[in-house]
Amino acid sequence: MTNTDTLDTRASVEQCIRIIEAGADYVRLTAQGVREAENLAAIKKELRKAGFNTPLIADIHFNPAAAETAARLVEKVRINPGNYVDKRASFATLDLTEKEYNEELERIHAKLLPLINICRDNKTVIRVGINHGSLSDRIMTRFGNTPKGMVESALEFIRIFRSENFSDLVLSMKSSDTSVMIESTRQLVSAMQSEGLAYPLHLGVTEAGEGEDGRVRSAAGIGALLSESIGDTIRVSLSENPEEEIPVARKLAEYFPRGFAESKPTGEYEYKTAIDKPLVFRHINGPAVVANMSFYPDLDSDAYSDAGFRVNRDTLEINQTDGSADLVMASNVPHMVPVDVNLVLPYKKWFDFRDDKRIFPLFSPETYHENAIRSDNINLLLTGSHFDIRYLKKPDPSKISVIYTFNPETERYAPDLFFKALAENGLRHNVILNPVFRENNIEDLRIRAAALLGRYLNDRQVAGICLANTGDIPFRDLTSLAFSILQCTETRITRTMYLSCPTCGRTKFNLQEAVKKVKESTGHLKGIKIAVMGCIVNGPGEMAGADYGYVGAGNGKVHIYKGTEPVLKNVPEEYAVKELLRIISENSDI
């Protein structure tokens, strides 16, 4: 999606070309008013003159007249049920009788009818784009600000289009929360199947952010659905130059190409990780991170630094941080085992150190079954696609964690087979997934690891992750990536969490620079969620799950939010970060 002013034909055309040349199959432009919608004709004309026939999409919020204008000019129009007819959500309870509710639906139907007729006459596709951040008060009052609310919002519009015999629809369910995005899309698929419907689905995680977090959050949400053969088009929303979104989207599409999910095990199963955690994990609010450092000849200070520990180079003191691995696997007894380190050794070497409460044994399920000497705290059982379920039937879930190792290229659905076998045998084990990648490019690893693990984390099937890679990527990057994946799936929060939109023609300030300034000033605020938004279209709604918001309000002006409430309005941009910090401090979050 472009972020230029749609009235600036030259800038918009140039950016469209950069996006297309990066590999986009479609380009979306905002049309916030009729003038912007009308100028889509000039943009399209210049693109066609330059030899580019890529379909264009108009992005509409609040303005049916702009949608009706754009529908005559471009190939697709995106409308948002939350604000096409309904007013901007105020998060107020709107209790309606059944009669009043149906009257609202009739009003929406009447307002949609001109667009339907124009699209039918011009063979224009409509994308019904539901955003978690902009559900109407009417929907939220009746169904909640939930995946179910999103599905009901979509179904209301689908039924109107069906009643008019209009079927050129695409549907999308977007949220900045990967679990909401995944669950709402799954529910929509189920709802359509129950009614015998099948419309193309567009996938995306809104306000994904930038850098590593933006890629990881997008991959975790989109990849989870692609792995289930859900999705026809995708958009990666990064707070970066628009053309930088395309390579990430391409890599996701290549990782789960059409038809690939046919190798996924058939049959339904439900598996959740065990409720009882081993004692060493009970202080962790979320999945554990395991660092397999068994290939290190010795665990010295550099090795511990790679595992996320803080090393004082003067005193060589080693301390745990929020980004330290919870367990470190080694092949030999290291020269030193710092107080904050929990170490895992092959069980034969562990025997001589079994009185040390920081050291734990690694077995195969078979050797665990055969040995009488075990840890009273935690025993790690290493297995893979060769697993024998017989040896996993007796262990106490509160005393073991199973490390499941697999090749994410040739055995991408191996964990599903394992979870299915556990479920069929009534077993509830704490499972740590250990995919072994072969990547030499850190961005490829981020995208593939997040796309692979996002589904299992979202569905709460795993008790931990252990990333391994045989390619040329520093180990410390693996440790950091493991925590990023947990952070972006919101299964374990160890840093400040940021949501930031990808910008569009509605943005009235330099959002990339704003994100940078906000991060530099608030990076120490662990556990706080801050949203940085280019405008107020989805801002308040997407910030329903954020603690604070920094939202563009006009040229050089910013609104500061606490939750969904604007506590300061039209703050000059040069003072906005300082005011944000003041508001956070006054609420005792610093």
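Just so you know, these numbers come straight off a predicted model, no measurement behind them. Each residue takes its place number in the sequence, starting with 1.
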#### Entry: Residues, nucleotides or ligands: over 12 heavy atoms within 6.0 Å of Glu270 CD
no

### Task
With rounding to the nearest 0.5 Å, note down the distance linking CD in Glu409 to CD in Glu411.
11.0 Å

### Task
Ignoring hydrogens and angles, state whether a donor on the side chain of Ser176 or Thr206 is under 3.5 Å from an acceptor on the partner side chain.
no

### Query
Considering residues, nucleotides and ligands other than Arg460, do more than 12 of their heavy atoms fall under 6.0 Å from its CZ?
yes

### Message
Classify the ring geometry of Tyr456 against Phe419: parallel below 30°, tilted from 30° to 60°, perpendicular beyond 60°.
### Response
tilted

#### Entry: Smallest separation among heavy atoms of Asp59 and Arg28, with atom names
OD1-NH1, 2.6 Å

### Query
Can any side-chain N or O of His132 pair as donor or acceptor with the backbone N or O of Asn145 at less than 3.5 Å?
yes

### Message
Classify the ring geometry of Phe260 against Phe256: parallel below 30°, tilted from 30° to 60°, perpendicular beyond 60°.
### Response
perpendicular

#### Entry: Under 3.5 Å: donor-acceptor pair, side chain of Thr489, backbone of Leu486
yes

### Task
Return the set of residues passing ring pair (Phe, Tyr, Trp, His ring centres under 6.0 Å) with Tyr255 (not counting sequence neighbours), or none when no residue passes.
none

### Query
Can Thr69 and Glu38 be counted as having a side-chain donor-acceptor contact under 3.5 angstrom?
no

### Query
So, do Leu47 and Thr54 sit near enough that their side-chain heavy atoms are less than 4.5 Å apart?
no

### Task
Give a yes or no on this: more than 12 heavy atoms of other residues, nucleotides or ligands lie within 6.0 Å of atom CZ of Arg48.
yes

#### Entry: No-hydrogen, no-angle side-chain donor-acceptor test under 3.5 Å, Arg120 and Asn117
yes

### Query
Hey, mind stepping through Asp86 and Ile108 against side-chain contact (heavy atoms from CB on, under 4.5 Å) and telling me if it holds?
CA-CA 8 Å; Asp86 285 309; Ile108 292 170; 4.1 Å; yes

### Query
Taking the side chain from Asn83 and the backbone from His61, do they hold a donor-acceptor pair closer than 3.5 Å?
no

Please tabulate, one pair per line, all N/O donor-acceptor pairs under 3.5 Å involving side-chain atoms of residues 158-170, not counting sequence neighbours.
from: Arg159; atom 1: NH2; to: Glu195; atom 2: OE2; distance (Å): 3.2
from: Ser163; atom 1: OG; to: Ile160; atom 2: O; distance (Å): 2.6
from: Glu164; atom 1: OE2; to: His109; atom 2: NE2; distance (Å): 2.7

### Message
Would the distance check show the side chain of Asn458 and the main-chain N or O of Gly454 forming a donor-acceptor pair, the cut-off being under 3.5 Å?
### Response
no

### Task
Show your reasoning for whether side-chain contact (heavy atoms from CB on, under 4.5 Å) applies to Val27 and Met1.
CA-CA 6 Å; Val27 178; Met1 184 171 177; over 6 Å; no

### Message
Is the shortest side-chain heavy-atom distance between Leu171 and Met192 below 4.5 Å?
### Response
yes

### Query
Considering residues, nucleotides and ligands other than Arg438, do more than 12 of their heavy atoms fall under 6.0 Å from its CZ?
no

### Short side-chain to backbone donor-acceptor contact, Arg492 and Pro287, under 3.5 Å
yes

### Message
Using a 6.0 Å distance limit plus a 45 degree cone around the ring axis, check whether Arg448 lies over the aromatic ring of Phe437.
### Response
no

### Task
Give a yes/no verdict on a cation-pi contact between Lys529 and Tyr498, requiring under 6.0 Å between NZ or CZ and the six-membered ring centre and an angle within 45° of the axis.
no

### Query
Just by modelled atom types, is the Ser484 backbone N or O under 3.5 Å from a matching donor or acceptor in the Gln487 side chain?
no

### Message
With a 3.5 Å distance limit and no angle check, can you tell me whether His559 reaches the backbone of Asn570 through a side-chain donor-acceptor pair?
### Response
yes

### Query
Side chains of Arg142 and Tyr101: is there a donor and an acceptor less than 3.5 Å apart?
no

### Query
Above 12 or not: heavy atoms from other molecules or residues under 6.0 Å from NZ of Lys272?
yes

#### Entry: salt bridge (charged side-chain N to carboxylate O under 4.0 Å, His left out) evaluation trace for Glu103 with Lys99
CA-CA 6 Å; Glu103 286 173 351; Lys99 180 175 181 293; 2.5 Å; yes

### Query
Quick check: does any side chain N or O of Ser175 sit under 3.5 Å from a backbone N or O of Asp177, one acting as donor and the other as acceptor?
yes

### Query
Looking just at side-chain N and O atoms, do Tyr271 and Asp459 make a donor-acceptor pair shorter than 3.5 Å?
no

